[in-house]
Amino acid sequence: MQASKTQPINLPQSSMIDPFGRTIDYLRVSVTDRCDFRCVYCMAEDMTFLPKRDLLSLEELDRLCSVFIEKGVRRLRLTGGEPLVRKNIMHLIRQLSRHIRSGALEELTLTSNGSQLERFAGELADCGVRRINVSIDTLDPEKFQAITRWGKLDKVMRGIEAAEAAGLHVKINTVALKGFNEQEIPEMMRWAHGRGMDMTVIETMPMGEIDADRTDQYLPLSLLRASLEHDFTLNDIPFKTGGPARYVEVAETGGRLGFITPMTHNFCESCNRVRITCTGTLYMCLGQDDAADLREALRASEGNELLSSAIDEAIGRKPKGHDFVIDRRTKRPSVSRHMSVTGG
């Protein structure tokens with residue numbers, strides 16, 4: 001499929017600034033709410049997904065992302081669900097890669113469960129993708145299938161190997177889950193660092209109804225870090241990828257370990273991100289329900305003035321921080337939508 005001719009965009013003339021003086025230059029776009037896994041902390045096994053007719057077309061996603069890039073976005077991450085299960089997703093990625101070639105976009109990247117990487121890694125590299133995040137919560141094949149319900153670890157490992165062979169830098173994302181993988185994290189860190197991969201550990205977030213009690217899953221990363229420091233030397237470093245992780249260098253492995261701590265130490269004061277769902281809903285904060293419908297503005301005119309104004313109005317409502325809390329009394333999520341809807 002040939003990419004349609006598109007006029008190159010100009011470099012951003014102005015930045016998006018929220019009410020608290022934060023520059024918004026990082027956009028995360030969920031291209032689908034569907035996934036070929038059913039991770040127990042993310043979604044219920046018997047999920048009801050959006051009708052395909054409700055999703056933005058690939059052309060609409062391209063136009064929407066391009067307007068954000070014109071308005072100052074420098075990093076664009078495609079997420080899901082699992083982004084690589086979206087039909088014809090590589091057409092969208094090829095289209096978006098023109099912004100890498102023009103210099104308007106600094107980085108185009110993905111967060112993936114790795115299941116489709118063996119198929120797509122080479123094409124991703126050809127489109128200017130230089131790094132990807134792959135979510136793995138255990139190196140035990142049986143536990144991996146249990147936590148993902150439908151996933152196969154060997155398939156993900158082949159995907160990582162294909163990504164590395166294509167020249168992509170892989171970072172491993174691991175959700176820290178009490179009673180499931182906290183004892184494995186040192187081994188996983190040695191494995192990742194031994195392959196030259198960074199690793200980030202993430203606290204579970206109270207989003208969407210699932211089949212488990214999140215109070216039983218929640219592992220504060222402050223406790224995990226204290227445990228790791230019994231055997232490893234963790235030195236804080238200023239390394240940043242544009243996201244919320246705070247990094248340390250592990251002296252014994254020579255690798256980097258990131259901590260994403262929305263619960264114990266939120267990262268809101270430096271938040272530079274907004275998120276768009278596959279239906280065109282803009283969430284200014286992952287942990288708040290306030291949102292803006294960009295699909296209506298997108299479809300109301302062939303020009304981008306209405307869309308640009310809708311984005312400006314929404315950025316003007318970006319809150320100072322989220323309201324995440326894991327409450328054993330109510331056992332209800334802080335945010336009703338599932339993580340797969342917003343894309344993390």
Side-chain angles (χ1 to χ4, degrees), residues 28 37 39-42 77 79 109-114 131-140 143-144 146-148 151 153 156-157 160 169-207 212 214-268 270-271 273 286-287 322 324 326 339 343-344:
R28 301 177 65 112
F37 290 2
C39 295
V40 299
Y41 52 81
C42 181
R77 179 177 294 277
T79 68
T109 186
L110 292 87
T111 293
S112 172
N113 64 25
R131 69 183 185 98
I132 56 171
N133 292 352
V134 177
S135 301
I136 299 181
D137 300 321
T138 175
L139 297 177
D140 182 305
K143 289 177 68 176
F144 184 86
I147 197 74
T148 63
L153 182 61
V156 173
M157 289 300 186
I160 290 174
H169 179 73
V170 178
K171 179 169 77 71
I172 301 299
N173 284 350
T174 300
V175 177
L177 298 167
K178 183 171 65 177
F180 177 78
N181 65 358
E182 70 257 50
Q183 301 303 320
E184 282 188 76
I185 287 175
E187 175 193 355
M188 293 186 67
M189 183 179 69
R190 291 188 186 99
W191 166 76
H193 291 174
R195 297 185 66 137
M197 301 185 294
D198 292 342
M199 178 175 167
T200 296
V201 286
I202 307 168
E203 288 176 335
T204 185
M205 298 180 218
M207 297 186 66
R214 282 194 175 88
T215 55
D216 293 330
Q217 298 176 337
Y218 175 55
L219 174 64
L221 293 192
S222 55
L223 296 181
L224 175 63
R225 176 167 179 164
S227 175
L228 289 172
E229 285 178 328
H230 287 300
D231 299 306
F232 299 95
T233 307
L234 308 182
N235 299 310
D236 292 308
I237 56 176
F239 177 74
K240 282 284 186 182
T241 63
R246 295 179 171 93
Y247 281 89
V248 299
E249 186 174 66
V250 183
E252 289 76 9
T253 65
R256 290 186 292 246
L257 179 67
F259 295 89
I260 296 181
T261 54
M263 305 303 297
T264 56
H265 182 191
N266 75 52
F267 35 74
C268 302
S270 61
C271 183
R273 300 169 296 286
L286 180 63
H322 64 66
F324 279 148
I326 290 180
M339 179 69 82

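Owing to the predicted nature of the structure, the values given are computational and were not obtained by experimental measurement.
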* To do: Would you please say whether a donor-acceptor pair under 3.5 Å links the side chains of Y41 and D137?
  => yes

Below 4.5 Å, heavy atoms only, C-beta onward: do [X] and [Y] meet side chain to side chain?
X: R195; Y: V170; value: no
X: F232; Y: V248; value: no
X: L177; Y: I147; value: yes
X: I160; Y: I172; value: yes
X: R225; Y: V201; value: no
X: R77; Y: N133; value: yes
X: M197; Y: V134; value: no
X: M157; Y: L139; value: yes

[atom1]/[X] to [atom2]/[Y] distance, rounded to the nearest 0.5 angstrom?
X: L223; Y: Y218; atom1: CG; atom2: OH; answer: 8.0 Å
X: S135; Y: F37; atom1: OG; atom2: CZ; answer: 9.5 Å
X: I132; Y: H169; atom1: CD1; atom2: NE2; answer: 10.0 Å
X: I185; Y: T138; atom1: CD1; atom2: OG1; answer: 10.0 Å

Minimum heavy-atom distance between [X] and [Y], given as atom pair plus value:
X: G254; Y: E249; answer: O-OE2, 4.5 Å
X: I136; Y: M188; answer: O-CE, 3.4 Å
X: F259; Y: L257; answer: CZ-CD2, 3.7 Å
X: A245; Y: T200; answer: CB-CG2, 4.2 Å
X: D140; Y: E184; answer: N-OE1, 4.0 Å
X: P186; Y: E182; answer: CD-O, 3.8 Å

* To do: Spell out, as yes or no, whether a donor-acceptor pair under 3.5 Å connects the side chain of E203 to the backbone of A176.
  => no

* Has the side chain of K171 got a donor or acceptor atom that lies under 3.5 Å from a matching backbone atom of R131? -> no

* Between E252 and D231, is a side chain to side chain contact (heavy atoms under 4.5 Å, CB included) present by the stated rule, with each step listed? -> CA-CA 9 Å; E252 289 76 9; D231 299 306; over 6 Å; no

* Test side chain to side chain contact (heavy atoms under 4.5 Å, CB included) applied to L234 and V250, step by step -> CA-CA 5 Å; L234 308 182; V250 183; 3.7 Å; yes

* **From CA spacing to verdict: side chain to side chain contact (heavy atoms under 4.5 Å, CB included), N113, T148** => CA-CA 10 Å; N113 64 25; T148 63; over 6 Å; no

* Asked: Going through the checks in order, is the side chain to side chain contact (heavy atoms under 4.5 Å, CB included) test met by T241 and Y247?
  -> CA-CA 10 Å; T241 63; Y247 281 89; 3.9 Å; yes

